[in-house]
Chemist: 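Pasting a structure below so you can have a look.
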Number of protein chains: 2
Amino acid sequence: MSIQCPTPNHEDEVVLLGHGAGGRLTAELLDRLVLPAVGGTGPLEDAALLPGHPGLVMSTDSFVVSPLSFPGGDIGSLAVHGTVNDLAMRGARPLALSVSLIVEEGLPLAELRSVMASLGKAAQDVGVPVITGDTKVVGRGAADRLFINTTGVGQRHELLCPSAASGRPGDVVLLSGPVGLHGTTVLSTREGLGFESDIASDTRPLHRLVGALAPLGAAIHVLRDPTRGGLAAALNEIARDSSVAVEIEENAVPVPEAVASACDLLGLDPLVVANEGCLVAFVDAGAAEGALAALRSLPEGAQAVRIGEVLREGPRGRVTLRTLVGARRIVDMPLGEQLPRIC
Amino acid sequence: MSIQCPTPNHEDEVVLLGHGAGGRLTAELLDRLVLPAVGGTGPLEDAALLPGHPGLVMSTDSFVVSPLSFPGGDIGSLAVHGTVNDLAMRGARPLALSVSLIVEEGLPLAELRSVMASLGKAAQDVGVPVITGDTKVVGRGAADRLFINTTGVGQRHELLCPSAASGRPGDVVLLSGPVGLHGTTVLSTREGLGFESDIASDTRPLHRLVGALAPLGAAIHVLRDPTRGGLAAALNEIARDSSVAVEIEENAVPVPEAVASACDLLGLDPLVVANEGCLVAFVDAGAAEGALAALRSLPEGAQAVRIGEVLREGPRGRVTLRTLVGARRIVDMPLGEQLPRIC
């Protein structure tokens, strides 16, 4: 299940689809072009602390998913969940959202109304108010129907300060639910592959799971939702930022049968397929059972499992997978785009 | 100089360019479709107070300007100024920005680098950190080169609480600089009309002007930057939200000669052309001289003038223009799009 990546070509002079895929090309674009321009010294975090207000975090995401609707959700609900979840991964409950629309001329008003109703319902379910917004319309052909940016401000739970850089040797790695549903559902719907009758996106808010973990405080070292680039990208980012070796067990990672079938047919690795409704937690070993019970206490965490650990010895920054027969394979950071426009 | 508007056709079933123009069609889209969906009870303010943190405001804007560069600026600097200015119009200095990119596959990296450098420089000039971001790439033809969302959080100046609803009879109406430069520059550049050799966008941050007004506190009733829909839209919104009658004098509104020439040729009214570097202030009459001096104390307000007043009697919600010969004309809310994609 290791991923073979060609060496990136640094001579590329134009933006490639892979630059937006959340993998190695995205990291290069950020490190070499975006961050130097804005004076950043480290990675732009998904959610960042607000200067002068350390209890508040801010996160932004633009959603370009195609098609606009798919089994389990649409761009409206996804736009709420995506930003609420980015805030949650920094240990925060959402305080407020902004919503900014870029609409292509000619989009049926009925479709826009449906998406906005879904967005409004998702925000209401989460309990987060939409406090400000913006609408831009561009001519036919200048955008693909509808793009939505949501930006959120959240309030951190006291004592909870997870970070991708806080994984430690001995940590237990937990996963709150099955992987691969969102990416395969969107791809199958877009391409009419037929799997979409059996599966649905897992798009859902994760802030309640984080609330359930909050009493464990400092024992929760890392929280990350494995969206673009899937579980493989999330674990590689944590291994790199925490400078640790992570090992997961192949048979412990829950992959729904329909996801496995779709991935087999498409030549995709379920570990690199995007999710929108599960989280990875790196937890102090002594708190692992309590964290698992906390996750399982909520419907959205009912299928939570332990999938691996942080090795006490091993090459820093490396993620390995122990297969059913006991062999070990490296789980690489995905290079670029396998599934464009899934969020 | 009154604007003739056809009656909007409520049977339109698709989004029109005019729905994004900042005029009457935009207001209808918000009031009838967006706001009911997100549970809003009033207009979505350009910058809104953060629940539980009344000293903080939040504002979002997506930028789709075409072309990406124009005399006086580009989409990068515009994206910083636009959001900084929306925060400033609620009496706030910017604390932090998020930046979210939607990039079309194939955009030259050199062009993206140039825009990001401009964005970074604009943020540095303002003194606001970019703390979080996102990058999405869509296939060729699915977006027009580059769209940028910026969202900002700002800290309100104590005692300064301007609102579009706070205009009062007797207020003096001030304008910090000439109108029409941004819209005519972008249009002329895009269409190759030739005016762009004589004019440049006025894009600039306005937070320092607001800082200069801050000592006047509660005497500053309304601040608004006349962007989409121009001065006509800004004054109409204020007249409506404050339920007052506003009158301005035609010969007091500074219209640069090149803007006037371009507008004459194109059949545009300079009052509806977008600006990105001036503000309108409604000020208590007793504080008007002090406010004018404060604005003029800074280079970006050197050309500040008094352009009119809030009438003590007159039809509420109406904006009138007194012409050079003493006649009065109604300044209507622009209906829809005269100048698409100018921000």
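In what follows, chains are A, B, ... by sequence order, proteins preceding strands, each numbered from 1. Fair warning: this is a prediction, and the values are worked out from it, not measured in the lab.
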Chemist: Pick one of side chain, backbone, both or neither for A/P51, based on which atoms fall under 4.5 Å of a heavy atom in chain B.
Modeler: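 Both parts, backbone and side chain.
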
Chemist: Side chains of A/N149 and A/T60 only: does a donor on one sit below 3.5 Å from an acceptor on the other?
Modeler: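 Short answer, yes.
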
Chemist: Looking at A/T26, A/L56, A/L101, which has the largest count of heavy-atom pairs under 4.5 Å with chain B?
Modeler: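 It is A/L56.
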
Chemist: Where does A/A123 contact chain B at under 4.5 Å (heavy atoms): side chain, backbone, both or neither?
Modeler: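 For A/A123, there is no contact with chain B at all, as no heavy atom is under 4.5 Å.
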
Chemist: With only heavy atoms counted, which part of A/L107 is less than 4.5 Å from chain B, the side chain, the backbone, both or neither?
Modeler: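 Both parts, backbone and side chain.
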
Chemist: Hey, which of B/T227, B/V64, B/L78 is the one that makes side-chain contact (heavy atoms from CB on, under 4.5 Å) with B/C343?
Modeler: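 For B/C343, the side-chain contact (heavy atoms from CB on, under 4.5 Å) test succeeds with only one of B/T227, B/V64, B/L78, which is B/L78.
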
Chemist: For the atom pair OG (A/S77) and CZ (A/F63), what is the distance rounded to the nearest 0.5 Å?
Modeler: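 Going from OG on A/S77 over to CZ on A/F63, the span is 10.0 Å.
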
Chemist: Given the rule in the side chain to side chain contact (heavy atoms under 4.5 Å, CB included) test, do B/K136 and A/R228 qualify, once you have shown the distances and angles that lead to the verdict?
Modeler: CA-CA 10 Å; B/K136 293 286 173 7; A/R228 281 185 289 178; 3.4 Å; yes

Chemist: How are the rings of A/F147 and B/F147 set to each other: parallel, tilted or perpendicular (split at 30° and 60°)?
Modeler: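 Answer is tilted, since the angle falls between 30° and 60°.
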
Chemist: Does any heavy atom of chain B fall under 4.5 Å from the side chain of A/Q124, the backbone, both, or neither of them?
Modeler: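 A/Q124 has no heavy atom closer than 4.5 Å to chain B.
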
Chemist: Of the listed residues (B/V138, B/L49, B/L95, B/V103), which shares the most heavy-atom pairs with chain A below a 4.5 Å separation?
Modeler: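 Ranked by contacts with chain A, first place is B/V138.
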
Chemist: Any chance you could lay out the side chain to side chain contact (heavy atoms under 4.5 Å, CB included) test for A/V57 and A/L50, step after step, and finish with the verdict?
Modeler: CA-CA 5 Å; A/V57 299; A/L50 198 68; over 6 Å; no

Chemist: Apply side chain to side chain contact (heavy atoms under 4.5 Å, CB included) to A/L33 and B/R113, showing your working.
Modeler: CA-CA 6 Å; A/L33 195 155; B/R113 189 175 288 114; 4.0 Å; yes

Chemist: Using non-hydrogen atoms only, which part of A/L119 is less than 4.5 Å away from chain B: side chain, backbone, both, or neither?
Modeler: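 Looking at A/L119, just its side chain touches chain B.
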
Chemist: Tell me, for A/T151 versus chain B, whether the close heavy atoms (under 4.5 Å) come from the side chain, the backbone, both or neither.
Modeler: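 For A/T151, the contact with chain B is made by backbone and side chain together.
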
Chemist: With a 4.5 Å cut-off on heavy-atom pairs, point out which of A/G106, A/S66, A/A96, A/P129 contacts chain B the most.
Modeler: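 Of the options given, most contacts go to A/G106.
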
Chemist: Counting only heavy atoms closer than 4.5 Å, note whether A/L29 contacts chain B via side chain, backbone, both or neither.
Modeler: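 Contact with chain B: side chain only.
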
Chemist: Run the salt-bridge test on B/E237 and B/R224 with the 4.0 Å N-O cut-off and return the result as yes or no.
Modeler: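 Result for this pair is yes, salt bridge flagged.
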
Chemist: Select one option (side chain, backbone, both, neither) describing which atoms of A/R145 are under 4.5 Å from chain B's heavy atoms.
Modeler: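 It is neither, since no heavy atom gets under 4.5 Å.
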
Chemist: When you compare the side chains of B/E105 and A/H19, does any donor N or O come within less than 3.5 Å of an acceptor on the partner?
Modeler: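 On atom types as modelled, these side chains do not qualify, holding no pair under 3.5 Å.
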
Chemist: As an exercise: rank B/A117, B/S62, B/S98, B/P36 by heavy-atom pairs under 4.5 Å with chain A and give me the winner.
Modeler: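 Option with the top pair count is B/S62.
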
Chemist: Between B/I102 and chain A, which part of the residue has a heavy atom less than 4.5 Å away: side chain, backbone, both or neither?
Modeler: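 It is the side chain, since no backbone atom gets that close.
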
